[in-house]
Amino acid sequence: MLHKKILHAIGVIVAMITSVGEVSANEVETADSIATQHLNNVTVTAVKSKAKVSTTTSVQMLSGEDLRSLGVQNAGDAVKHFAGSNVRDYGGIGGLKTVSVRNLGAAHTAVSYDGVAVSNCQAGQIDVGRFSLDNVSSLSLAVGHDDDLLQSARLYASAGVVKIESEKPVFGKSNHSSELKLSGGSFGYVSPSIRHWQKLGEATSVVVNANYLRADGQYPFVLENGKLTSVEKRKNSDIKSYQGEVNVYHSFNESDELRVKAYYFASVRGLPGSVILYNNDSDERLWDDNFFAQARYKKQFSPKWTLQVQGKYNYSWNKYVDEGVEYVGGKQIDANRQNEYYVSASVVYKPTSDIDVSLAQDGAINDLHTNGVNSPEPLRYTSLTALNARYRNARVNVLGTLVGTYIVDEVKSGVKPDARKRLTPAVSVSYRLLEDEQLYVRAMYKNTFRVPTFTDLYYLRVGNTSLRPEKATEYTGGITWSGRRLVGLEHLTLTVDGYFNRVSDKIIAFPSTYVWKMQNYGKVNIFGIDATLSTSTKINDKVSVALSANYSWQNAIDLTNKDAKNYKHQLPYTPEHSGNASVVVEMPWVNVGYSVAAVGKRYYLAQNIAANEIDGYCEHTATLWREFKIKKISLRVQAEVINLTDAQYDVIKYYPMPGRSWRLTGIFKF
């Protein structure tokens with residue numbers, strides 16, 4: 001019945017557009033009777049740092065132009081440019097990409113799309129690779145939480161937050177604008193997309209964007225078997241996907257705004273499976289269908305009171321098919337359907353100029369329906385409450401948070417876990433050392449509470465209803481500095497953060513493409529350092545250079561059993577050293593972007609022995625682009641070479657990543 005739900009959501013949006021359009025017309029009619037004075041346009045330019053230095057926690061950001069300049073195509077690839085992030089990538093254009101922050105697990109990382117959390121109660125982790133960046137104004141990663149007191153309790157309850165913000169339309173002389181993007185490249189990659197901005201009134205605008213992607217994914221890779229090597233081709237790695245969005249923006253007045261989004265994504269892809277010796281065959285297929293509609297309303301009643309209300313309905317369906325003699329009838333079919341009903345309200349009260357207090361309350365209902373025999377059909381009720389208080393003056397910024405979690409599951413059959421409830425506090429502080437310098441020290445303590453997902457608990461082949469909730473405590477301390485107009489530089493920003501995470505009952509997933517093996521680790525200690533650098537300079541009036549880099553060191557060890565062979569060994573898939581660097585050179589005749597990502601050796605099983613080792617790798621990407629003006633049409637032509645050195649590597653053992661590939665893109669704006 002998905003089509004009925006989509007039609008209903010579209011009807012609601014059309015009705016809302018009509019009503020706000022009438023409001024806008026009335027506002028215009030009133031405004032016509034008021035004398036106005038037009039001021040000359042003033043353009044202010046400044047270089048924006050990729051890391052925020054004054055926040056109490058680590059916040060890193062990439063703008064939409066940064067993403068395009070580096071040739072980044074989806075959110076999963078973008079997050080790889082942030083220190084402290086760990087992206088698990090199964091290779092190929094349609095490969096699953098999940099993000100964990102400082103090795104606390106993907107289920108601890110929230111993904112926010114235009115202020116509203118994206119959810120997957122079945123698996124707990126979000127495939128960030130599915131989010132296109134065509135209409136994105138910024139993408140950020142906050143470790144712990146950022147300083148936005150109006151954010152939902154769900155974001156406060158997470159160990160890290162990836163925020164995706166859509167580009168809000170800006171109109172010039174015309175009340176509409178369109179963009180057509182055509183992209184093609186290696187391995188049968190073809191992806192056209194279109195975006196249209198339309199102004200419906202002085203206070204209302206609509207953005208519609210859609211894209212299609214297809215690829216056969218048959219990329220070559222080198223297979224090693226002892227002293228023998230051969231070049232093979234990845235099989236069953238094709239994908240077709242469709243994505244569309246409608247965004248409505250309406251401002252009732254300067255302190256009263258509404259945003260509405262309807263989103264649809266569908267894909268069918270092959271799951272190439274693991275490559276062991278010369279077995280490169282796979283019959284696994286996965287279908288995904290996802291629709292959600294969300295609204296966010298914000299109103300400032302006075303300088304002291306601000307309210308934000310959010311609501312969302314999310315529908316998700318997937319089907320997994322595998323053929324093989326190990327299954328009854330020669331075929332395994334798993335079909336899953338999820339529904340979520342979610343509401344959130346946040347209010348901020350500012351009693352004095354230095355103090356802010358906020359309260360956020362979230363409520364969610366999630367269900368899961370599967371085709372499995374004796375499926376428990378779980379139904380989950382979630383309540384999250386976040387109480388926050390902040391003191392801030394010219395030198396000191398202190399934020400305290402207390403999150404209350406209460407979760408109850410109902411099942412139609414089988415054993416259900418007890419209700420989970422917990423209070424998780426957090427405190428973060430930033431102090432400016434010198435009045436005339438952007439030099440800060442910061443520290444954070446945060447406790448998080450991660451409940452096992454439906455798959456963890458109930459999935460027939462891997463579910464484990466005896467799993468205990470995962471509890472984590474984060475300790476972070478760091479120093480940040482930013483200076484402008486230095487010798488030869490426009491700006492220079494440096495951040496260094498050291499951290500210690502203590503995790504008990506950690507839930508570890510030993511992955512394949514679709515099925516995850518779940519297990520509790522009794523105790524895990526994670527030590528690490530994240531460092532970032534960004535700078536820019538102007539060679540002359542026509543040539544500028546921007547450079548950014550980050551480095552992460554991480555020691556994540558299992559301390560569960562002193563007698564175990566893996567005691568004090570690094571956790572699976574956790575590199576000790578990783579980092580990346582990028583440079584963008586803008587010139588009148590052509591612009592150049594270059595980036596390199598490096599990851600050290602890892603182990604794919606619990607024991608850190610040579611037989612379980614995965615080699616480190618470096619991946620280089622080069623980008624060239626130029627923009628042309630053809631009458632009223634703007635054309636951007638961009639060429640990219642990914643994995644320039646044709647490095648052969650695995651992120652996940654036995655899942656080889658693509659070698660060298662290319663993309664060519666044309667973007668028409670009119």
Exercise. Start with the C-alpha distance between D650 and R602, add both sets of side-chain angles, then the distance that settles salt bridge (charged side-chain N to carboxylate O under 4.0 Å, His left out), and finish with yes or no.
Key: CA-CA 10 Å; D650 296 0; R602 294 138 291 142; over 6 Å; no

Whether [X] and [Y] hold their rings parallel, tilted or perpendicular, with breakpoints at 30° and 60°:
{"X": "Y263", "Y": "F265", "answer": "parallel"}
{"X": "Y649", "Y": "Y617", "answer": "parallel"}
{"X": "Y113", "Y": "F131", "answer": "perpendicular"}
{"X": "Y604", "Y": "Y573", "answer": "tilted"}

Do [X] and [Y] have side-chain N/O donor and acceptor atoms under 3.5 Å apart?
{"X": "S534", "Y": "S548", "value": "no"}
{"X": "R663", "Y": "S191", "value": "no"}
{"X": "T621", "Y": "E619", "value": "no"}
{"X": "N247", "Y": "E245", "value": "yes"}
{"X": "R296", "Y": "Q294", "value": "no"}
{"X": "Q438", "Y": "W481", "value": "no"}
{"X": "S63", "Y": "D66", "value": "yes"}
{"X": "T493", "Y": "S482", "value": "yes"}
{"X": "S166", "Y": "D114", "value": "yes"}
{"X": "N290", "Y": "N318", "value": "no"}

Closest approach of [X] and [Y], non-hydrogen atoms and distance?
{"X": "D497", "Y": "S58", "result": "OD2-CB, 4.0 Å"}
{"X": "S69", "Y": "T623", "result": "O-CB, 3.5 Å"}
{"X": "V101", "Y": "G160", "result": "CG2-CA, 4.2 Å"}
{"X": "L155", "Y": "A117", "result": "CD2-CB, 4.1 Å"}
{"X": "N643", "Y": "P658", "result": "ND2-O, 3.1 Å"}
{"X": "S595", "Y": "S582", "result": "CB-CB, 3.8 Å"}

Would you say [X]'s side chain and [Y]'s backbone share a donor-acceptor pair under 3.5 angstrom?
{"X": "Q570", "Y": "A556", "result": "yes"}
{"X": "S85", "Y": "V79", "result": "yes"}
{"X": "Q648", "Y": "V222", "result": "yes"}

Just how far is it from atom [atom1] of [X] to atom [atom2] of [Y], taken to the nearest 0.5 Å?
{"X": "K653", "Y": "L605", "atom1": "NZ", "atom2": "CG", "value": "9.5 Å"}
{"X": "H176", "Y": "W197", "atom1": "NE2", "atom2": "CH2", "value": "13.5 Å"}
{"X": "K97", "Y": "D127", "atom1": "NZ", "atom2": "CG", "value": "7.5 Å"}
{"X": "S132", "Y": "N211", "atom1": "OG", "atom2": "CG", "value": "4.5 Å"}
{"X": "L139", "Y": "F82", "atom1": "CG", "atom2": "CZ", "value": "5.0 Å"}
{"X": "S186", "Y": "Q218", "atom1": "OG", "atom2": "CD", "value": "13.0 Å"}

Quiz item: Less than 4.0 Å between a side-chain N and a carboxylate O, is that true for R195 and D134?
Solution: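 A salt bridge is absent here (no side-chain N lies under 4.0 Å from a carboxylate O).
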
Quiz item: Salt-bridged, D146 to K52, with N to O below 4.0 Å?
Solution: no

Self-check item: Residue from L492, V585, V584, V583 passing side-chain contact (heavy atoms from CB on, under 4.5 Å) with L547
Solution: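 With L547 as partner, L492, V585, V584, V583 yield a single side-chain contact (heavy atoms from CB on, under 4.5 Å), made by V583.
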
